[in-house]
Student: 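Structure provided below as structure tokens; questions to follow.
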There are 2 protein chains.
Amino acid sequence: MLDSAHETHPSGERRDRRPGAETREPAIARRHTDTPPPIDADEPWMRALHADSGYLLYRLGLRSGQLFNTFLQESGLRLRHYAVLRCLATCEGALQRELSARLGYDPSAIVGLVDDLEKLGFAERRPAPDDRRSRIVVLTEGGRAFLRDTDQAGRRVTDELLTPLAPAERETLHKLLVRVAGNGLA
Amino acid sequence: MLDSAHETHPSGERRDRRPGAETREPAIARRHTDTPPPIDADEPWMRALHADSGYLLYRLGLRSGQLFNTFLQESGLRLRHYAVLRCLATCEGALQRELSARLGYDPSAIVGLVDDLEKLGFAERRPAPDDRRSRIVVLTEGGRAFLRDTDQAGRRVTDELLTPLAPAERETLHKLLVRVAGNGLA
DNA sequence: AACAACTGTTGACGACACCAATTATTGCGC
DNA sequence: GCGCAATAATTGGTGTCGTCAACAGTTGTT
């Protein structure tokens with residue numbers, strides 16, 4: 001699975017982007033006379049949005065999510081299910097409240113996710129002995145097997161995303177991302 | 001308008017995350033006996049998902065988008081409107097088709113976005129003289145004024161997001177993000 | 001016993017990515 | 001010139017997702 005996660009753009013005419021020499025190619029939309037070209041690239045507010053790390057992060061996050069989902073689609077899961085599974089794998093049994101806090105998902109979202117995972121036999125809810133409100137969610141053997149089987153393919157997703165980066169650069173990027181994520185959710 | 005783009009979390013009880021010492025705090029969900037702790041942190045598939053740059057990117061992108069939207073919310077716009085505006089500011093008149101390609105949004109999404117911008121008087125559609133199918137979208141004076149007025153606040157969004165990073169690190173991160181984004185959309 | 005706080009749960013709403021279909025128009029081949 | 005594939009903008013529908021409000025069962029406190 002997940003060999004060619006490339007056909008994201010069925011019609012390959014989406015990538016007419018040149019790295020350098022941006023912000024200038026009227027070429028086609030250049031003849032609606034009325035307004036004289038008031039483009040002053042000097043004006044700071046006229047910079048491209050892609051020059052903004054925040055927006056870049058936003059777009060890249062989207063692409064990353066899509067990539068993860070295409071990788072997971074044959075298993076019937078989606079990224080958020082996978083996140084729950086991975087979380088369960090490390091904390092070994094967690095209240096839904098904890099999952100919600102750790103993953104940054106709304107408590108109501110956890111319900112559906114755990115429902116699905118239970119239906120697939122990847123996790124199950126158990127009563128918490130000391131608090132009858134809570135349910136403890138644990139990974140089943142099936143869930144463990146799934147994680148084991150898909151681990152390698154999962155790594156390939158990030159590999160694919162970071163293709164243009166050398167290993168050392170990926171490390172740098174990762175450290176920076178961790179720093180950025182650090183103060184808020186994780 | 002739009003001075004303090006900070007009151008992002010009305011109820012400040014969402015960020016109980018500590019930067020260091022993650023992945024270990026059973027503390028509460030630690031007593032559902034049945035399963036013996038089969039946690040082998042050695043097992044590679046048991047690493048936390050947050051150790052994955054791809055997932056980190058996904059979460060950070062989400063946070064970035066939220067931050068942008070709270071910054072824009074008083075103006076009635078959302079991030080995607082803002083992206084269109086900024087795109088128009090640099091290319092000065094673009095077919096909707098071009099906006100779609102540049103921003104990576106579906107053509108059908110552009111329609112609604114430009115509709116909204118037109119309603120707010122920030123942009124307008126003009127007929128393309130050589131192709132009556134196309135409409136050329138141009139920034140109005142109002143749109144230019146809006147960009148001028150909100151520019152500083154816009155920068156503050158990225159500043160806020162990258163708080164934990166020193167200026168040099170932000171530069172590094174930005175360069176890496178550009179590289180990653182480079183091969184696909186922008 | 002009464003009351004506030006909390007857990008899981010359901011429901012609704014809006015934003016958004018995605019895809020299919022439609023209309024008006026263009027360009028091309030015959 | 002006439003049909004016909006391709007294209008720009010548009011509409012509509014579907015599914016995921018983030019967010020909030022409300023609710024029931026349960027806990028802890030007073």
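Chain letters run A, B, ... following the sequence lines, proteins first and then strands; every chain starts at 1.
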Student: In whole Å, I'd like the distance from the CG atom of Leu62(B) to the P atom of dC16(C).
Tutor: 12 Å
Student: Would Glu141(B) and Arg148(B) pass as an ion pair if we require N to O under 4.0 Å?
Tutor: yes
Student: Could you tell me which residues satisfy side-chain contact (heavy atoms from CB on, under 4.5 Å) with Ser108(B), sequence neighbours excluded, listed by chain and number?
Tutor: Asp106(B)
Student: Rounded to whole angstrom units, what separation is found between the CD atom of Gln96(A) and the C1' atom of dT9(C)?
Tutor: 9 Å
Student: Using nucleotides 23-27 of chain D, report all nitrogen or oxygen pairs with the protein that are shorter than 3.5 Å.
Tutor:
unit_1  : atom_1 : unit_2    : atom_2 : d
dT26(D) : O2     : Arg133(A) : NH1    : 3.4
dT27(D) : OP1    : Arg132(A) : N      : 3.1

Student: Using a distance-only criterion (donor-acceptor N/O pair, under 3.5 Å, no hydrogens), is the base of dC19(C) paired with the side chain of Ser108(B)?
Tutor: yes
Student: Measuring from the side chain of Asp106(B) (C-beta onward, heavy atoms only), which nucleotide among dT9(C), dT7(C), dC18(C) has the closest atom?
Tutor: dC18(C)
Student: What is the nucleic acid contact for Phe68(A), judged by heavy atoms within less than 4.0 Å: base, sugar-phosphate only, or nothing?
Tutor: nothing
Student: Distance check needed: dA8(D) P versus Glu98(B) CD, whole Å only.
Tutor: 10 Å
Student: Counting side-chain heavy atoms from C-beta on, which of dA9(D), dT7(C), dT10(C) comes nearest to Arg97(A)?
Tutor: dT7(C)
Student: Would you call Lys119(B) and Glu124(B) a salt bridge, using N to O less than 4.0 angstrom?
Tutor: no
Student: Is the phosphate of dA17(C) approached by Tyr58(A) (side-chain N or O, under 4.0 Å from OP1 or OP2)?
Tutor: yes
Student: Rounded to whole angstrom units, what separation is found between the CD1 atom of Ile110(B) and the P atom of dT7(D)?
Tutor: 18 Å
Student: In whole angstrom, what separates Leu113(B)'s CG from dA9(D)'s C1'?
Tutor: 14 Å
Student: Whole Å only: how far is the CD atom of Gln73(A) from the P atom of dC19(C)?
Tutor: 11 Å
Student: Determine: side-chain N/O of Arg78(B) to OP1/OP2 of dA15(C), distance under 4.0 Å, yes or no.
Tutor: yes
Student: Measure the OH-CG distance between Tyr105(A) and Leu113(A) for me, rounded to the nearest 0.5 Å.
Tutor: 7.5 Å
Student: Between Leu88(B) and Val137(B), does a side-chain contact (heavy atoms from CB on, under 4.5 Å) hold up when you go through it step by step?
Tutor: CA-CA 8 Å; Leu88(B) 290 177; Val137(B) 187; 3.7 Å; yes
Student: To the nearest Å, give me how far apart CG (Leu79(B)) and C1' (dA17(C)) are.
Tutor: 14 Å
Student: Let me know the distance between CZ of Arg59(B) and P of dG18(D), rounded to the nearest Å.
Tutor: 6 Å
Student: Working to the nearest 0.5 angstrom, can you tell me the gap between Phe71(B) CZ and Arg78(B) CZ?
Tutor: 14.0 Å
Student: Report yes if a side-chain nitrogen or oxygen of Gln66(B) is closer than 4.0 Å to either non-bridging phosphate oxygen (OP1 or OP2) of dA15(C); otherwise report no.
Tutor: no
Student: Which residues pass the side-chain hydrogen bond (donor to acceptor under 3.5 Å, both in side chains) test with Glu171(B), sequence neighbours left out?
Tutor: none
Student: Does a side-chain N or O from Arg125(B) land closer than 4.0 Å to OP1 or OP2 of dT10(D), or not?
Tutor: yes
